[in-house]
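This report refers to the structure that appears directly beneath it.
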Amino acid sequence: MKKKHKVLFVCLGNICRSPMAEAIFRDMVDKAGLTDCFEIDSAATSSWEIGNPVHHGTRNKLKEVGISTKGMTARKLTKGDYARFDYIIGMEQENIRNILKIVERNDSEKVFRLLDLSKRPRDIADPWYTGDFETTYQDVLEGCTDLLAHILKA
Ligand code: 4NP
């Protein structure tokens, strides 16, 4: 069987942004008929929300666009995730620093921000603090679209 592309989305709590990216990216991959070519997951850099379900702001925004987050719960990134995944995608620069600390690397080509591939590279704001799940959704959608194109042409 062909090698799977293994993608891990990471944010601070794993209840707002990274599960949003996981669910949107999975939906895109499924709609492209590529389900079997991908393994997709998400994780937190903190322990704060471990075991908790997706934040209602993310859940409600995704429900509007017909994407379910049922059964998803927060987990913490582990050192072992580094070897397991091909792409470890943070939402903001602080995530990148914390990811590298947890996986004990100084730098890595497979660790970058979701919007580093954008024409306008930038952080994705944390809706836990901003309350603005719509802007986060638009940013995550842009990032996931560019990421899928990037992986498919790699
Ligand atoms: P996320 O947002 O990193 O996008 O999941 C947050 C979720 C929870 C907390 C902070 C940010 N918290 O402080 O518990």
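Just follow the structure's listing: the first ligand is 1, and inside any ligand the first atom is 1. Worth saying up front: this structure is predicted, and the values here are computed from it rather than measured. The chain is numbered in sequence order, starting from 1.
Taking every heavy atom of both residues into account, R17 and A125 meet most closely at CD-O, 3.4 Å.
For ligand 1, the protein residues placed under 4.0 Å by at least one non-hydrogen atom are C11, L12, G13, N14, I15, C16, R17, W48, E49, D126, W128, Y129.
You'll find the side chain of Y87 stays beyond 4.5 Å of the side chain of K6, heavy atoms only.
A tilted orientation is assigned to the rings of H5 and F38, their planes being inclined by 30° to 60°.
Between the CD atom of E49 and the CG atom of L12 there is a distance of 9.0 Å, given to the nearest 0.5 Å.
In this structure, E142 pairs ionically with R122, as a charged nitrogen and a carboxylate oxygen lie closer than 4.0 Å.
In this view, D86 and K3 satisfy the side chain to side chain donor-acceptor pair (under 3.5 Å) rule, not counting sequence neighbours.
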